[in-house]
Amino acid sequence: MLIKKISTTPYLDQRPGTSGLRKKVKHFQQLNYLANFIQSIFDALDSPAVKTLVLGGDGRYYNQEAIQIILKIAAANQIGKIIVGRDGLFSTPAISCVIRKHQALGGIILSASHNPAGIDGDFGVKYNTSNGGPAPEFLTEAIYQKSQQINRYFICQGEDLPLDQLGTYILGEMTVEIIDPIADYLALMEALFDFDQIKDHFKQQKFQMCFDAMHAITGPYAQAIFQHRLGVQPSALFNHIPLPDFGGGHPDPNLVYAKTLVEKMYGEAPPDFGAASDGDGDRNMILGQHFFVTPADSLAVLAANAHLVPGYQGGLVGIARSMPTSQAPDQVAEKLGIPCYETPTGWKFFGNLLDAGKITLCGEESFGTGANHIREKDGLWAVLFWLNLLAVKKQSVAAMVKNHWAEYGRHFYSRYDYDDLPLETAQTLMEDLNKQLSTLVGKQFGSYKIYIADDFSYQDPVDHTITAHQGIRLCFEDGSRIIYRLSGTGTQGATLRVYLESFAQDINQHNQNSQQVLSTLATLAQNIAQTQEKTGRSQPSIIT
Ligand code: G1P
Ligand code: ZN
């Protein structure tokens with residue numbers, strides 16, 4: 001087969017962010033934009049020739065076209081074999097699972113997670129390494145460096161492959177294996193959870209669930225797992241047909257965007273359990289009847305009860321949470337006598353801890369929970385974990401969480417996002433906060449006294465690398481916290497995230513409304529950072 005060497009020139013904006021390279025679809029469709037980045041990945045990898053890679057995406061607009069281009073570039077770069085999900089699909093957790101199971105060199109994931117899709121939406125490319133997790137910083141930096149010097153890429157001339165047909169194909173000298181994107185993942189879930197017990201719970205206890213796939217990748221997975229394997233009614237699955245534009249929605253599983261689910265679970269006679277996942281299937285939201293489980297509480301409850309589930313019967317070695325995530329999991333770790341690590345935002349920081357066997361479970365406030373079975377967060381895994389626990393405990397979701405608070409205390413929590421700010425405005429706000437830090441320690445604001453004010457920096461306990469400037473942290477003496485940081489995943493302007501947390505041990509205070517409890521802290525956060533003066537906005541764009 002003819003291999004062509006195409007001359008090209010660098011694009012200067014190909015530095016991967018928190019989760020790979022994310023840009024508008026139209027940006028990716030510019031001449032050679034995708035090809036440059038893919039060739040840069042191959043150029044940065046250590047002898048990728050003859051090795052196996054895994055390839056697939058969340059099905060968003062441009063997924064299939066991109067896969068055909070990537071296959072041809074891979075064949076021209078002498079990659080030995082590529083495993084592709086049927087129709088070019090793989091959820092992010094499933095691709096992590098497949099990389100590990102098939103001992104691949106790595107995988108290319110096409111996704112922009114929960115960002116809107118469609119011709120005017122976003123697209124993304126992320127490289128994961130042989131452990132199944134996101135590429136470490138030195139590799140993403142190496143890819144970026146290659147992209148800045150690129151002057152050619154290699155591509156095979158040939159027909160497109162029939163991505164909808166399972167089987168083995170040859171492209172140049174490369175083997176392409178098109179596999180069922182669900183089977184390996186389902187087998188892994190069956191090894192971790194007691195599917196028979198969950199199935200029985202649905203049947204015997206008349207326990208009902210519903211799941212919102214938000215027109216994204218988890219639809220087919222949910223159908224295979226919940227409907228075909230666990231016997232739930234088809235009507236329990238909402239928006240389960242994946243669409244290239246995700247139905248025009250914003251598949252981020254939170255109280256604002258998972259509308260269908262929230263209406264159902266807060267409506268009349270809701271099912272016992274409700275869940276949603278995001279665009280690429282790594283995030284999750286858990287709801288009970290008229291009850292929302294915060295992601296940090298979810299992690300804490302899973303950790304406290306993990307011994308009840310087959311995959312975690314032997315106990316946990318440690319847990320980890322990202323810095324802005326509430327401290328609810330820390331309390332569980334303390335009681336279990338295991339460490340709780342506080343990492344910067346982004347899943348990659350958990351990877352080293354998981355690989356070194358230092359943690360079993362981990363999670364982030366942004367609706368991401370996961371464990372050592374793969375190296376990505378995992379939405380459906382979290383849902384199955386909850387279902388397994390509910391089947392064992394035979395309690396409602398709300399009862400499980402409230403019992404948990406009674407034992408450990410409650411962490412009230414909320415995140416305020418200021419979207420689409422001019423980059424300079426956001427950066428100045430953060431710089432000004434930074435300058436104030438030394439004067440803030442020891443300062444009293446009403447009943448709140450600051451005892452730590454710093455710019456969070458993390459030293460990886462495994463490879464000792466230091467990651468600095470990970471957000472401004474204000475910790476108060478009563479356990480409350482205010483955190484400020486800028487998003488690393490946006491594709492337009494800057495997003496300022498303000499995270500609020502306050503702690504109540506007393507059970508009599510546990511039934512209060514979160515936003516009310518946090519209102520003083522919210523005002524304080526606005527005053528200290530002067531958000532209104534600096535951004536011209538009196539309110540955040542979104543509160544979750
Ligand atoms: C966001 C979340 C973060 C998550 C990341 C990728 O990043 O806050 O927890 O790991 O998406 O899913 P951010 O936009 O805040 O940088
Ligand atoms: Zn995601």
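If you're wondering where the values come from, they're calculated on a predicted model, not measured in any experiment. Counting starts at 1 for both ligands and their atoms, following the listed order.
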Between S541 and D420, do the side chains contain an N or O donor and an N or O acceptor separated by less than 3.5 Å? no
For [atom], what's the nearest protein heavy atom and its distance?
{"atom": "atom 11 (O) of ligand 1", "result": "R283 NH2, 3.0 Å"}
{"atom": "atom 7 (O) of ligand 1", "result": "T489 CG2, 3.5 Å"}
{"atom": "atom 10 (O) of ligand 1", "result": "E364 OE1, 2.7 Å"}

How would you list all residue pairs meeting salt bridge (Lys or Arg N to Asp or Glu O under 4.0 Å) that involve residues 127-138, not counting sequence neighbours? E137-K348
Is any side-chain heavy atom of [X] closer than 4.5 Å to a side-chain heavy atom of [Y]?
{"X": "S322", "Y": "T343", "answer": "yes"}
{"X": "I286", "Y": "F273", "answer": "yes"}
{"X": "V332", "Y": "H404", "answer": "yes"}
{"X": "T294", "Y": "H411", "answer": "no"}
{"X": "P253", "Y": "D212", "answer": "no"}
{"X": "H373", "Y": "M189", "answer": "yes"}

What about S113: any of its N or O atoms under 3.5 Å from an N or O on ligand 1? no
What atoms of ligand 1 come within less than 4.0 Å of a heavy atom belonging to [X]?
{"X": "G346", "value": "10 (O)"}
{"X": "T345", "value": "3 (C), 8 (O), 9 (O)"}
{"X": "E365", "value": "8 (O)"}
{"X": "R497", "value": "8 (O), 13 (P), 14 (O), 15 (O)"}
{"X": "K377", "value": "4 (C), 6 (C), 10 (O), 12 (O)"}
{"X": "R485", "value": "13 (P), 15 (O), 16 (O)"}

Counterpart residues, side-chain hydrogen bond (donor to acceptor under 3.5 Å, both in side chains), relative to N388 (two or more places apart): none
For E141, which residues count as a side-chain hydrogen bond (donor to acceptor under 3.5 Å, both in side chains) partner, sequence neighbours excluded? R15, Q145
Mark yes or no for whether Q436, through its side chain, and E431, through its backbone, hold a donor-acceptor pair below 3.5 Å. no
Have a look at ligand 1 and work out which part of S487, if any, has a heavy atom under 4.0 Å from it: side chain, backbone, both or neither. both
Please tell me whether F28 and Y62 form a close aromatic pair, meaning their ring centres lie under 6.0 Å apart. no
Counting heavy atoms only, name the option from G488, G471, S366 that's nearest to atom 3 (C) of ligand 1. S366
Who's closest to atom 6 (C) of ligand 1 heavy-atom-wise, of P134, G17, S19? S19
So how many protein N, O or S atoms does the Zn ion (ligand 2) have within less than 2.8 Å? 4
